[in-house]
Amino acid sequence: MPVQPVHVLVLGGTTEARRLAEHLAAHDPGVRVTTSLAGRVSAPRLPPGDVRVGGFGGPDGLAAWVREHDVDVLIDATHPFAATMSRNAAEAAAQAHVPLLALRRPGWVAQDGDRWHAAGSLAEAAELLPALGERVFLTTGRMGLAAFAGAALDDLWFLVRSVDAPEPPCPARMEVLLDRGPFTLEGERALIRRHRLDVLVTKDSGGDATAPKLTAAREAGIPVVVVRRPPVPEGVPVARTPDEAVEWVRRLYASG
């Protein structure tokens, strides 16, 4: 009787999640991959294998889906700031009694010449801005712009870059730039010059696709407000790269 393939559910939406699915689908015939996408981005790049789009209805819904579809392994490869989804994954894995791994790219590290200001949240980042600049390059995505919509920031001008158009509430004075990474260093330099930007706001997403803005800000001597990422739920093992995640899965089903 043929051996049932190991069913891996990847909570995706990141470059690392797509690379993980590509590797498992291409090189691990004993693995069946399903990637779940939240559906918040229009026209996402779809990974190989099965794909589902939409929420689960909280940790109970995710646990039910895992049991109903005979999922053997759960991998949380969502964005480093998708804290709610990560908590739901931890609770669901415990309920369904399946192993869980978090795939998290390393965060950025400040270099000589950087003028970084750490913030624990978007609201805290917004509070720092009036003392740092007047023309803000806001690269935190379309979600959470309400934190920058208060009257205290009405004198500031924002260049808001996101994949999809933001919805109100938004900063009072802003221009929206719809674009998707990876971004080039020359392109980021040009944006800073063209719009006379004097402060950058970013989440500590890590990775190479959006890192050139940090180099451009360093070269221009402008301050950067870096929003710290939330911690991975306690007790969940972490892989820093798709290759590490692949090895973790292999060790898991080899020992099983």
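We use all heavy atoms of the structure for the numbers below, so side chains are in, but hydrogens, waters and symmetry mates are not.
Checked options E186, E219, E188; the residue passing with R193 is E186 (criterion: salt bridge (charged side-chain N to carboxylate O under 4.0 Å, His left out)).
Between the side chains of H7 and T34, at least one donor N or O lies within less than 3.5 Å of an accepting N or O. Between S36 and R52, the side chains place a donor N or O and an acceptor N or O closer than 3.5 Å (distance only, hydrogens not considered). Between S86 and R104, the side chains place a donor N or O and an acceptor N or O closer than 3.5 Å (distance only, hydrogens not considered). For the residue pair D243 and T241, no side-chain donor N or O sits within less than 3.5 Å of a side-chain acceptor on the partner.
Side chain of D204 to backbone of R229: no donor-acceptor contact under 3.5 angstrom is found. No side-chain donor-acceptor contact under 3.5 Å links R135 to the backbone of V199. Between the side chain of S121 and the main chain of E124, a donor-acceptor pair closer than 3.5 Å is present. Formation of a donor-acceptor pair under 3.5 Å by the R142 side chain with backbone atoms of E167 is not found in this model. For R189 (side chain) and A216 (main-chain N/O), no donor-acceptor pair under 3.5 Å exists by modelled atom type. Between the side chain of D114 and the backbone N or O of W116, no donor-acceptor pair lies under 3.5 Å. Here the side chain of T139 pairs a donor or acceptor atom with the backbone of V201 at under 3.5 angstrom.
With a 4.5 Å cut-off on side-chain heavy atoms, V31 and P5 do not count as touching. For the pair L132/H117, a side-chain contact is recorded, criterion being any heavy-atom separation below 4.5 Å from C-beta on. Side-chain contact check for L20 versus I75: some heavy-atom pair is nearer than 4.5 Å. Here the side chains of L103 and D76 are not in contact, with every heavy-atom distance at 4.5 Å or above. For the pair L197 and L159, the minimum side-chain heavy-atom distance is below 4.5 Å.
Ionic pairing of E247 and R250 is present here: one or more N-O contacts between side-chain nitrogen and carboxylate oxygen are shorter than 4.0 angstrom. Residues D154 and R173 are not paired through a salt bridge, judged by the lack of any N-O separation under 4.0 Å between the basic side chain and the carboxylate. Between E234 and R87 no salt bridge is recorded (no basic side-chain N to carboxylate O distance below 4.0 Å).
Aromatic ring pairs are classed by plane angle as parallel below 30°, tilted from 30° to 60° and perpendicular above 60°; the pair W65 and H69 is parallel.
Cation-pi geometry between R161 and F183 is met: under 6.0 angstrom from the ring centre, within 45 degrees of the axis.
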